[in-house]
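Written below as structure tokens is the structure these notes are about.
Worth saying up front: this structure is predicted, and the values here are computed from it rather than measured. We're numbering straight along the sequence, starting at 1.
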Amino acid sequence: MSNEILNKIGEAAVLEQLAEECTELAQSALKLARKIRGENPTPKSLEECKASLQEEAADVELCIDILPDGYIDWTEYSRTIARKRMRWAIRLASKEAKNDPKNQ
């Protein structure tokens, strides 16, 4: 079915849709963060905010799935995820070490 969608709307339209869905995912994440912090009220419930995040994440994944072969190298993608996860953990550990009173 993914090829059928791609054939009907074309690569450029899928990329445009992906960009739109990424923006909507970002807005959902920001709304959920507002709800969690409670500093800037939103009328949505926590459950509604989580449901919106899930919906938009699914939309993003769907668009990525529809992209033609060759747009995403899945082997390299997995390596990139692992590398970025490690870098994030190292940065957090470095921050903790800097904030540790024993190191000051």
key: With Trp74 via ring pair (Phe, Tyr, Trp, His ring centres under 6.0 Å) - residues at least two apart   = Tyr77
request  = Would you check if Ile9 and Ile66 make a side-chain contact, meaning some heavy-atom pair closer than 4.5 Å?
outcome  = no
Flag side-chain contact, heavy atom, 4.5 Å: Ser52 against Lys44 = yes
task = Verify the neighbour count for atom CD of Gln54: are there more than 12 heavy atoms of other residues, nucleotides or ligands below 6.0 Å?
result = no
Pairwise distance OG(Ser28) to CD(Glu21) - rounded to 0.5 angstrom = 9.5 Å
ask   = Sub-3.5 Å donor-acceptor pair from the side chain of Thr80 to the main-chain atoms of Glu76, do we have one?
value = yes
message = Within a 6.0 Å radius of atom CD on Glu20, are there more than 12 heavy atoms belonging to other residues, nucleotides or ligands?
response = yes
ask   = Between Glu56 and Leu25, which heavy-atom pair has the shortest distance, and what is it?
value = CB-CA, 3.6 Å
query = Partners of Glu11 by side-chain hydrogen bond (donor to acceptor under 3.5 Å, both in side chains), sequence neighbours excluded?
reply = Tyr71
ask   = Taking all non-hydrogen atoms of both residues, which atom of Cys49 and which atom of Lys35 are closest, and how far apart?
value = SG-CB, 4.0 Å
ask   = Say you draw a straight line from CD1 of Ile81 to CE of Met86; how long is it, rounded to the nearest 0.5 Å?
value = 13.5 Å
query = Is there a side-chain contact between Leu30 and Gln27, using heavy atoms and a 4.5 Å cut-off?
reply = yes
ask   = What are the two closest heavy atoms between Arg34 and Asn40, and how far apart are they?
value = NE-O, 3.1 Å
query = When you look at CG of Asn7, are more than 12 heavy atoms from neighbouring residues, nucleotides or ligands closer to it than 6.0 Å?
reply = yes
query = So, are Lys50 and Glu47 salt-bridged, with charged N and O less than 4.0 Å apart?
reply = no
message = Would you say that Leu15 contacts Leu67 through its side chain, given a criterion of any heavy-atom pair below 4.5 Å between the two side chains?
response = yes
query = When rounded to the nearest 0.5 angstrom, what distance separates CG in Asp69 from CG in Leu6?
reply = 9.5 Å
ask   = Is a side-chain N or O of Glu48 found less than 3.5 angstrom from the main chain of Ser45, in a donor-acceptor match?
value = yes
ask   = Just wondering, do Asp59 and Cys63 contact through their side chains at under 4.5 Å, heavy atoms?
value = no
